Asks: 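My questions all concern the structure below.
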Protein chains: 2
Amino acid sequence: MDSQIRLKTSTLADTVFDQIRTAIVKGELAPGSKVNEPQLSKQYGISRGPLREAIRRLEGCKLVEITPNVGAKVVSLNLEQAIEIYEIRESLEGLACRLAASRASADDCLKLRELLANHEKQIESENGRLYYQKEGDLDFHYLIVQLSGNTRLFNFLCGELYHLLRLYRVQTSSGPSRPEQAFKEHHQIVDALENQDEELAEILMKRHISGAKNTLINQLNQ
Amino acid sequence: MDSQIRLKTSTLADTVFDQIRTAIVKGELAPGSKVNEPQLSKQYGISRGPLREAIRRLEGCKLVEITPNVGAKVVSLNLEQAIEIYEIRESLEGLACRLAASRASADDCLKLRELLANHEKQIESENGRLYYQKEGDLDFHYLIVQLSGNTRLFNFLCGELYHLLRLYRVQTSSGPSRPEQAFKEHHQIVDALENQDEELAEILMKRHISGAKNTLINQLNQ
DNA sequence: AACAATAGTATTGTTGACAATATGAATAAA
DNA sequence: TTTATTCATATTGTCAACAATACTATTGTT
């Protein structure tokens, strides 16, 4: 009866954690900038106690770095670090895609197709190109990781790594590469999922992400 | 000049975080048990402020789960969750081993051989069998992940996942499987590293970890 | 002018007190 | 006996004040 009331119960530290996290990944809190406790506590209308707990959670997500007696600053990713993240992502999403191939139902695959169709429409529309790069691409990957059935994998990828990637994209204001190519690859991946071809699904996904990684590496070599 | 003094500077929250973490992975704080703030703050002689920050860091490591207005409890892993972790570990250590194969120097490989030789001696000694299983095995993997050169990968595996595995082993008091087999596989892996054979190194490492994973899966099917 | 020392300010670290919520026991009703 | 209800207690959430440290600007010296 009061379950609905219980649901909206949440602590100040948690809500302000969400707020600051979105502020960071949106770039409203600039990468490398200092996290000023008195200022933020005023801004969000809370005391420093719960704010510091929120900052510690952000530290756990690797979104801020804390130096004792100095404070926290918003993390700033350089190219090498971004490549490191892509290496991890390639490996883990390959795993996720393999697991998804063994577990996804026909209905799940249909949902993926619908998702891609929606994105196609968005692309055809005016500023769709931007939309697709910013959010749509992640939606696809998000859903596949969910289909893997590995909850911990989902939490790590969707609760931590993706936020870091969004941060990097905002930081470098990179909305790049190869939307039509990526699109084709997405469909190939769903094909493999439909056929329950685990090996192929993993290979295609790894190759898909490796493409984005190589774009970064080329940037590194100028 | 005062750099040595600076080194010992650390916050209460950080030191007590270390203490509680080791208490958890050693099993001194039982899995599933409640984390009582007044009790712990008394036990460690600090106030609840920094203690709560430490708990939030533990939440970030997935070692405790926090429910608003109820509190934190030490995480308790069931078999399914342990398998999820092993799936992730297999994927990531495969990656680490591949990277290590491309980067490890001859000197690095020598260090690995020495490590294995030391473990052999330990095994031959009385209670060595136990030692090897508990720490020695992780040392080997630890070093390879370090050789991968991917700092983020290192932090995730060695700063989070390994602690969870130790927790599970303590929880199920499992000091199991196939030390002599594992030993042989370790040497094969170093062979591949010496030959800079990235593919083989990755495959061997994944197979090595998959063995432990399958042991768990068999437990699941009884 | 450049560098070192120092004083003042701002920020972080820590604490104890208070408010809000949950837990558990005792009582009352079915 | 079992189920609700109420009350007392314990624990968590939040706050504001104090202590300790780091940062900044000024001064003084070479």
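Small disclaimer: the values here were computed from a predicted structure and weren't measured.
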Asks: Ring-plane angle category for His208(B) and His141(B), please: parallel below 30°, perpendicular beyond 60°, tilted otherwise.
Replies: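 Parallel: the ring planes of His208(B) and His141(B) meet at under 30°.
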
Asks: For the pair made of CG in Asp14(A) and C1' in dT12(D), what is the distance, rounded to whole Å?
Replies: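 In whole Å, dT12(D) C1' and Asp14(A) CG are 13 Å from each other.
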
Asks: Scan nucleotides 6-11 of chain C against the protein and return all N/O pairs shorter than 3.5 Å with their distances rounded to 0.1 Å.
Replies:
residue : atom : partner  : partner atom : Å
dT11(C) : OP1  : Asn36(A) : ND2          : 3.0

Asks: Could you note down all residue pairs passing side chain to side chain donor-acceptor pair (under 3.5 Å) where residues 22-33 of chain B supplies at least one of them, sequence neighbours left out?
Replies: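 Those involving residues 22-33 of chain B do not exist here.
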
Asks: For the residue pair His186(B) and His119(B), confirm or rule out a side-chain donor-acceptor distance under 3.5 Å.
Replies: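 No pair is found: no donor N or O on one side chain lies under 3.5 Å from an acceptor on the other.
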
Asks: Is the distance from OP1 or OP2 of dT21(D) to the nearest side-chain N or O of Thr9(B) less than 4.0 Å?
Replies: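 Answer is no, no contact under 4.0 Å.
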
Asks: If only atom types and distance count, is the side chain of Thr215(A) paired as donor or acceptor with the main-chain N or O of Gly211(A) below 3.5 Å?
Replies: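 Yes; judged by distance alone, with no hydrogens or angles, the pair exists.
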
Asks: Output the residues of residues 59-69 of chain B in contact with DNA chain D, where contact means a heavy atom of the residue under 4.0 Å from an atom of the strand; sort by number or write none.
Replies: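 Those residues are Pro68(B), Asn69(B).
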
Asks: For DNA chain D, which residues of residues 44-53 of chain B approach it to below 4.0 angstrom with any heavy atom?
Replies: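 Residues of residues 44-53 of chain B that come under 4.0 Å of DNA chain D are, in numerical order, Arg48(B), Arg52(B).
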
Asks: I want to check one thing: is the phosphate of dT12(D), taken as OP1 and OP2, less than 4.0 Å away from some side-chain N or O of Thr11(A)?
Replies: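 Result: no.
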
Asks: Using a 4.5 Å cut-off on heavy atoms from C-beta on, say whether the side chain of Leu112(A) contacts that of Asp108(A).
Replies: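 Side-chain contact under 4.5 Å: no.
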
Asks: Name each donor-acceptor pair under 3.5 Å that joins a side chain in residues 49-61 of chain A to protein atoms two or more places apart or in another chain, with its distance.
Replies:
residue  : atom : partner  : partner atom : Å
Arg52(A) : NE   : Glu53(B) : OE2          : 2.7
Arg52(A) : NH1  : Glu37(A) : OE1          : 3.4
Arg52(A) : NH1  : Glu37(A) : OE2          : 3.0
Arg52(A) : NH2  : Glu53(B) : OE1          : 3.4
Arg52(A) : NH2  : Glu53(B) : OE2          : 3.3
Glu53(A) : OE1  : Arg52(B) : NH2          : 3.3
Glu53(A) : OE1  : Arg56(B) : NH1          : 2.7
Glu53(A) : OE2  : Arg52(B) : NE           : 2.7
Glu53(A) : OE2  : Arg52(B) : NH2          : 3.2
Arg56(A) : NE   : Glu59(A) : OE1          : 3.1
Arg56(A) : NH1  : Glu53(B) : OE1          : 2.6
Arg57(A) : NH1  : Asp14(A) : OD1          : 2.8

Asks: Give a yes-or-no answer on whether the side chains of Ser91(B) and Ser91(A) include a donor-acceptor pair shorter than 3.5 Å.
Replies: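 The answer is yes; a qualifying pair exists.
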
Asks: Can you sort out the partners of Tyr162(B) under ring pair (Phe, Tyr, Trp, His ring centres under 6.0 Å), two or more places apart, ordered by chain and number?
Replies: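 Expected list: none.
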
